[in-house]
K.L.:
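Mind looking over this structure? Questions follow.
FYI, side chains are in, hydrogens and waters are out, and symmetry mates aren't considered; it's all heavy atoms of this structure. In this text, all values refer to a predicted model and were calculated from it rather than measured experimentally. We number each residue from 1, following the sequence as shown.
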Amino acid sequence: MNKNSEEIIVKCRLCTKVHEYKCPDNQLIALAAEWKYRFNNKNLLSVKPLIGKSYEIFLKDPLKINLATPFWVLYMDPFSQINGIETEADIESLRFCLCKKTKIVEKQDFYIRLQIVVINFNDLDMPTTFTEPSIHYNCLFDEITDNHIEYFNLYNLININIQGDLGLTAILKKTQHENKIVAVHEWDFHTNLWYRYEKNVQIGIKNESK
């Protein structure tokens, strides 16, 4: 192993497959994680992480990652962490954080707890120059009906999945003439990633009889 590598593997409980996390410099690809206070890890973090501050994160998805280099992690408020995104306030709580590992607090086969420091962040209302990554389940956008969309004041939220096995969540920011995708969540049995970029779209909505 390269001396500059600190590769860690979180195993799947059902098979040997894991997702290898890699993040090119021109893309923002973030891991999903639970955020906890640095000195009280019983409680989920209820405020957005700040640059220069230390926190603990809990990673439990099948994963191979090199902890010797910084990596992106998504923060969401505790209610959203437990119940999913349900309101515009939940959307506005999201923060993409660039993290640096400072300590492995606990390592087990199926999860890892890390102490990290935040070195940068990007919010949905901030401009971004990150390019659109390759998203495996983009084809699901072709299956969107009005039943998949929740409409809010500044954002729209699209949730679509295939029998609970895989799916996409897309956050669309409203502009004067069209919607702009600002974040996508892609998940399946071995992948749980958030992507940050901006892309103007006009998604056709299929009517679905009630």
Side-chain angles (χ1 to χ4, degrees), residues 10 12-14 19 21 28-37 41-49 55-63 71-97 99 110-113 121-126 133 135-174 179-199 201 203 205-206 208 210:
V10 179
C12 175
R13 294 181 181 272
L14 300 177
H19 165 254
Y21 174 85
L28 197 169
I29 304 173
L31 299 168
E34 292 182 1
W35 287 75
K36 298 186 178 182
Y37 290 95
N41 60 28
K42 294 181 179 180
N43 298 319
L44 293 175
L45 186 67
S46 60
V47 294
K48 288 186 177 182
Y55 306 94
E56 285 189 6
I57 59 172
F58 181 82
L59 300 171
K60 59 182 179 180
D61 299 303
L63 176 69
F71 53 96
W72 288 93
V73 182
L74 182 85
Y75 168 82
M76 60 174 59
D77 66 37
F79 182 88
S80 307
Q81 186 79 64
I82 296 170
N83 300 295
I85 296 174
E86 296 182 351
T87 68
E88 189 154 88
D90 295 337
I91 294 174
E92 292 174 339
S93 80
L94 301 183
R95 171 165 285 179
F96 290 80
C97 298
C99 303
F110 306 118
Y111 69 87
I112 185 171
R113 286 170 53 214
F121 69 81
N122 189 268
D123 290 343
L124 297 183
D125 60 353
M126 297 171 61
I135 298 174
H136 292 94
Y137 304 130
N138 256 336
C139 59
L140 293 183
F141 285 130
D142 297 332
E143 304 301 320
I144 292 172
T145 71
D146 194 59
N147 287 343
H148 294 118
I149 303 179
E150 296 180 63
Y151 298 93
F152 300 111
N153 183 35
L154 298 177
Y155 297 92
N156 291 335
L157 181 70
I158 296 174
N159 278 305
I160 185 167
N161 70 79
I162 303 299
Q163 298 181 342
D165 294 331
L166 58 89
L168 286 178
T169 298
I171 297 175
L172 280 65
K173 187 174 182 179
K174 298 179 183 179
N179 288 320
K180 178 185 293 185
I181 293 179
V182 292
V184 172
H185 178 210
E186 178 181 43
W187 57 269
D188 59 24
F189 285 118
H190 298 101
T191 306
N192 194 358
L193 298 174
W194 280 85
Y195 304 92
R196 174 78 168 99
Y197 62 96
E198 294 185 353
K199 179 182 180 182
V201 291
I203 296 176
I205 305 302
K206 295 181 181 179
E208 185 172 277
K210 308 291 185 181

K.L.:
Which atom pair, heavy atoms only, marks the closest approach of C12 to H190?
P.N.:
SG-NE2, 3.4 Å
K.L.:
Under the 3.5 angstrom rule, does the side chain of D77 hit a backbone N or O of F79 as a donor-acceptor pair?
P.N.:
yes
K.L.:
Not counting sequence neighbours, which residues clear side chain to side chain donor-acceptor pair (under 3.5 Å) with N192? List them please.
P.N.:
D61, H185
K.L.:
Evaluate the side-chain proximity of E150 to I85: yes if any heavy-atom separation is below 4.5 Å, no if none is.
P.N.:
no
K.L.:
How would you list, by chain and number, every residue that makes a salt bridge (charged side-chain N to carboxylate O under 4.0 Å, His left out) with K173, sequence neighbours excluded?
P.N.:
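So K173 forms no salt bridge (charged side-chain N to carboxylate O under 4.0 Å, His left out) with any residue.
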K.L.:
To check you understand the geometry: which heavy-atom pair defines the closest contact between Y155 and D125, and what is its length?
P.N.:
OH-N, 4.3 Å
K.L.:
With Y197, which of I181, V182, I29 fulfils side chain to side chain contact (heavy atoms under 4.5 Å, CB included)?
P.N.:
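Answer after filtering I181, V182, I29: I181.
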K.L.:
Show me the pairs that pass salt bridge (Lys or Arg N to Asp or Glu O under 4.0 Å) and involve residues 79-93, at least two apart or across chains.
P.N.:
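Sorted result for residues 79-93: empty, none.
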K.L.:
Do you know the tightest heavy-atom contact between R196 and M126?
P.N.:
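Reported closest heavy-atom pair: NH2-O, 2.6 Å.
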K.L.:
Apply side-chain contact (heavy atoms from CB on, under 4.5 Å) to the pair I112 and L63, showing each step before the final yes or no.
P.N.:
CA-CA 10 Å; I112 185 171; L63 176 69; 5.9 Å; no
K.L.:
Which pair of heavy atoms, one from N156 and one from F152, lies closest together, and at what distance?
P.N.:
OD1-N, 3.7 Å
K.L.:
Hey, is the main chain of P49 close enough, under 3.5 Å, to the side chain of R95 for a donor-acceptor pair?
P.N.:
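Present.
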K.L.:
Hey, what do you get for CH2 (W187) to CG (N161), rounding to the nearest 0.5 Å?
P.N.:
4.5 Å
K.L.:
Kindly write out the residues that satisfy side chain to side chain contact (heavy atoms under 4.5 Å, CB included) with A30, not counting sequence neighbours, or none if the list is empty.
P.N.:
L28, W72, L74, F96, W194
K.L.:
Do K36 and F58 meet the cation-pi criteria used here (NZ or CZ under 6.0 Å from the six-membered ring centre, within 45° of the axis)?
P.N.:
yes
K.L.:
What verdict does the side-chain contact (heavy atoms from CB on, under 4.5 Å) test give for I158 and L168, after you've listed the backbone C-alpha separation in whole Å, the side-chain angles of each residue and the deciding distance to 0.1 Å?
P.N.:
CA-CA 8 Å; I158 296 174; L168 286 178; over 6 Å; no
K.L.:
Under a 3.5 Å distance rule, please check whether R13 uses its side chain to pair with a backbone N or O of P62 as donor and acceptor.
P.N.:
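The answer is no, because no donor-acceptor pair under 3.5 Å joins these two groups.
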K.L.:
List the steps and the verdict of side-chain contact (heavy atoms from CB on, under 4.5 Å) for E186 and L166.
P.N.:
CA-CA 8 Å; E186 178 181 43; L166 58 89; over 6 Å; no
K.L.:
To the nearest 0.5 Å, how far apart are CG in L45 and OH in Y75?
P.N.:
4.5 Å
K.L.:
Over all heavy atoms of both residues, which pair between C99 and W35 is shortest? Give the atoms and the distance, please.
P.N.:
SG-CH2, 3.7 Å
K.L.:
How far apart are the closest heavy atoms of L94 and K48, and which atoms are they?
P.N.:
O-NZ, 3.9 Å
K.L.:
Got a sec, which residues hit side chain to side chain donor-acceptor pair (under 3.5 Å) with Y55, two or more places apart in sequence or on another chain?
P.N.:
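Here no residue qualifies.
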K.L.:
Report the C-alpha separation of L157 and I171 in whole Å, then their side-chain angles, then the decisive distance to 0.1 Å, and conclude whether the side-chain contact (heavy atoms from CB on, under 4.5 Å) test is met.
P.N.:
CA-CA 5 Å; L157 181 70; I171 297 175; 3.8 Å; yes
K.L.:
Sub-3.5 Å donor-acceptor pair from the side chain of Y21 to the main-chain atoms of F71, do we have one?
P.N.:
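Side chain of Y21 to backbone of F71, a donor-acceptor pair under 3.5 Å: no, none is there.
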K.L.:
Name all residues meeting the salt bridge (charged side-chain N to carboxylate O under 4.0 Å, His left out) criterion together with K60; count only those two or more places apart in sequence or in a different chain, and write none if there are none.
P.N.:
E34
